[in-house]
Amino acid sequence: MATLAVYPGSFDPLTNGHVDIISRGARLFDRIVVAILINADKAPLFTTAERLEIARGVFGDLPNVEIDTFDGLLVDYVERRGAQVIVRGLRAVSDFEFEFQMALMNQRLAPRVDTVFMMPAERYTYISSRLIKEVFALGGRVSGLVPEMVESRLREKLAAQPVR
Ligand code: PNS
C-alpha cells in the first residue's frame, strides 16, 4: 500500500527548514501533503491564499508533493485523506515537549495514524517562522533561510505595512 504522509503547519511563512523536511519526506513517503492550517483565530502575516501560492510555487516541480489547506482537527483531515502518517519537524530538545503532547493526543484521537519526527539539516535547526518575521521586520538579512519567493513577498509586505 502506498504511504501517504501529511505535514501540517502554519507555514507563516515557509522557511528553508520546512522545505528541507518536505524534501526529505518526499523521498521517504510515496506522497506527502503539506497541509496549511487556516488559522481562524490568529492573525497570520500571510493569508492562507498567499501561503498556498508560495508553497505551490516552491514545490511545483515535485510530483509527489501536494499542497492543501485544512481547518478543524488535524486527525480528521488526516483520516479524510486516508493518510497513515503525520510528519513533524524536530529542531531541538525544546520542540520535543509540545510535539510529544500533540503526537500522543493525535494518537489517542486516531490510533491508526502515526507521527514521524524528522530532523532538518543542522544548518536549519535554529530557524523559525517567528524569528524570520522578526529579523526581517527589523532590517536583518534572511537570505538563505527562506525560499527566494518568501523573501520577495516579505519585502512587498514590509513596503505595504510594518511587518508584525
Ligand atoms: O506550524 P505549527 O504552528 O507549529 O503547526 C501546528 C499545527 C497546525 C500542527 C497544530 O496547531 C494543529 O494540528 N492544529 C489543528 C488543530 C488540532 O488538531 N489541534 C489538536 C492537536 S493535538
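All values derive from a computational prediction rather than experimental measurement. Starting from 1, each residue takes its place in the sequence as its number. Atoms within each ligand, like the ligands themselves, are counted from 1 in listed order.
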- Item | Side-chain donor/acceptor of R141 to backbone N/O of V135, under 3.5 Å | no
- So, the side chain of D30 versus the backbone of T3: is there a donor-acceptor pair under 3.5 Å, distance only? yes
Heavy atom of the protein closest to [atom] (residue, atom name, distance):
{"atom": "atom 22 (S) of ligand 1", "value": "N106 OD1, 3.5 Å"}
{"atom": "atom 20 (C) of ligand 1", "value": "L73 CD2, 4.1 Å"}
{"atom": "atom 10 (C) of ligand 1", "value": "M102 SD, 4.0 Å"}
{"atom": "atom 9 (C) of ligand 1", "value": "R88 NH1, 3.4 Å"}
{"atom": "atom 3 (O) of ligand 1", "value": "S10 OG, 2.6 Å"}
{"atom": "atom 16 (C) of ligand 1", "value": "G72 O, 3.4 Å"}
{"atom": "atom 14 (N) of ligand 1", "value": "L37 CD1, 4.2 Å"}
{"atom": "atom 18 (O) of ligand 1", "value": "L74 N, 2.8 Å"}

- Query: By number and element, which atoms of ligand 1 are closer than 4.0 Å to a non-hydrogen atom of M105?
  - Reply: 22 (S)
- Message: Whether the N39 and R51 side chains hold a donor-acceptor pair (N or O, under 3.5 Å, no angle test) is what I'd like checked.
- Response: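 Side chains of N39 and R51: pair found under 3.5 Å.
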- Item | Salt bridge present between D20 and R24 (N-O < 4.0 angstrom) | yes
- Message: Any heavy-atom pair between the side chains of L4 and Q84 that's under 4.5 Å?
- Response: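 Result yes, sub-4.5 Å side-chain heavy-atom pair found.
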- With a 4.5 Å heavy-atom cut-off, do V33 and F70 have their side chains touching? no
- Task: Taking salt bridge (Lys or Arg N to Asp or Glu O under 4.0 Å) as the test, write out the residues that go with R56, two or more places apart.
- Result: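 None.
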